[in-house]
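See structure below.
The first residue in the sequence is number 1, and the count goes up from there. Given the structure is predicted, the values throughout are model-derived calculations rather than measurements.
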Amino acid sequence: MSQLIFKAKLLNVENKGADDKGNPKMRLIFASQKFDKGLEQTVPCSQNVTVIQDHQHMKNLYLSFKGRDIYLPVELSTQMNGMAIFYKTTGDGKPLMLEEKKFAEQAQAKTA
C-alpha cells in the first residue's frame, strides 16, 4: 500500500482495550465529511485512524494536537473481507508541521 497524507481536525485520541496478543489498541478520531445517499448531500462524520503498535508510545504527542488540523502520514488498508477500508498510521507516526503554524512563524520572523 502507498503512503498518503491525511489532513483533518483531530477530535480525540481513544484507547480501545487490547488486541488478542495483549497489545494496546489506540485510534485517532478526526472530523470528516461523507456523502449521504439518502439525504443526497454531504454530512459531517468522524474518521478513525488506527495507531499501529510502533506508534502507541506517542499518545501524549497526539493529545497535544487535539482540536487542531494536522497533516498525518497514513496508509490505506482493508479488512480481511476486503470490503471495509480504513487508515492506519505509517512512517514515524509523527504529525507533519502545520502549514498555518509555518506561515505564522514566517510572518513573525519578518516583523521581528
Side-chain angles (χ1 to χ4, degrees):
M1 295 282 165
S2 61
Q3 179 175 315
L4 305 167
I5 303 299
F6 186 82
K7 178 191 180 271
K9 183 177 186 176
L10 180 61
L11 300 176
N12 204 3
V13 179
E14 290 185 350
N15 285 319
K16 299 300 277 180
D19 63 16
D20 356 349
K21 297 177 184 173
N23 296 319
K25 293 187 338 185
M26 186 188 330
R27 65 183 182 172
L28 307 175
I29 312 297
F30 290 93
S32 190
Q33 296 179 341
K34 69 177 181 179
F35 184 78
D36 185 287
K37 291 179 185 177
L39 296 174
E40 295 186 1
Q41 64 184 3
T42 301
V43 297
C45 67
S46 64
Q47 175 64 55
N48 300 333
V49 174
T50 300
V51 178
I52 64 169
Q53 287 303 312
D54 289 350
H55 303 152
Q56 295 281 325
H57 66 281
M58 293 193 285
K59 181 179 181 181
N60 288 336
L61 175 65
Y62 294 135
L63 284 170
S64 73
F65 288 105
K66 191 172 172 181
R68 296 168 58 192
D69 282 348
I70 63 171
Y71 295 85
L72 185 69
V74 297
E75 187 174 285
L76 190 61
S77 215
T78 57
Q79 295 286 6
M80 295 299 253
N81 64 10
M83 299 301 285
I85 296 173
F86 69 97
Y87 297 98
K88 61 183 178 181
T89 58
T90 190
D92 65 5
K94 294 180 183 172
L96 305 174
M97 180 175 222
L98 302 172
E99 288 296 319
E100 299 83 16
K101 183 177 176 184
K102 186 177 179 181
F103 291 128
E105 288 172 354
Q106 288 173 350
Q108 285 178 346
K110 287 180 183 176
T111 59

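A heavy-atom distance below 4.5 Å is not found between the side chains of I70 and K7. Using a 4.5 Å heavy-atom threshold, the side chains of V51 and L28 count as touching. Annotation: side chain of V13 is not in contact with side chain of I29 (no heavy-atom distance under 4.5 Å).
Closest of all the heavy-atom pairs between A31 and A8 is O-CB, 3.6 Å.
Within the structure, salt bridge (Lys or Arg N to Asp or Glu O under 4.0 Å) contacts touching residues 27-48 (residues at least two apart or in different chains) are E14-R27. Residue pairs meeting the ring pair (Phe, Tyr, Trp, His ring centres under 6.0 Å) criterion with at least one member in residues 12-51, sequence neighbours excluded: F6-F30. The salt bridge (Lys or Arg N to Asp or Glu O under 4.0 Å) pairs that include a residue from residues 52-66 number zero, where partners must be two or more places apart or lie in different chains. The side-chain hydrogen bond (donor to acceptor under 3.5 Å, both in side chains) analysis of residues 44-53, with sequence neighbours excluded, yields no pairs.
To the nearest 0.5 Å, the span separating CG on D69 from NZ on K9 amounts to 7.0 Å. Considering CD1 of I52 and CE of M26, their distance stands at 11.0 Å, rounded to 0.5 Å.
Taking Ile, Leu, Val, Met, Phe, Trp and Tyr as hydrophobic and joining them when side-chain heavy atoms fall under 4.5 Å apart, one finds L39 in a cluster with V43.
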>> Could you go through F86 and V74, starting from their C-alpha distance and side-chain angles, then the distance that decides it, and tell me whether this counts as side-chain contact (heavy atoms from CB on, under 4.5 Å)?
In response: CA-CA 10 Å; F86 69 97; V74 297; over 6 Å; no
> Passes side-chain contact (heavy atoms from CB on, under 4.5 Å), E75 versus L4? Steps please.
Replying inline: CA-CA 6 Å; E75 187 174 285; L4 305 167; over 6 Å; no
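Listed by chain and number, the residues in a side-chain contact (heavy atoms from CB on, under 4.5 Å) with P73 are Q3, I5, T90, L96 (sequence neighbours excluded). In terms of the side-chain contact (heavy atoms from CB on, under 4.5 Å) criterion, residue partners of S64 (sequence neighbours excluded) are, by chain and number, L61.
Remark: the backbone N or O of G17 is not paired with any side-chain donor or acceptor of N15 at under 3.5 angstrom.
Paired with T89 under the rule side-chain contact (heavy atoms from CB on, under 4.5 Å), one option of K94, M58, H55 passes, and it is H55.
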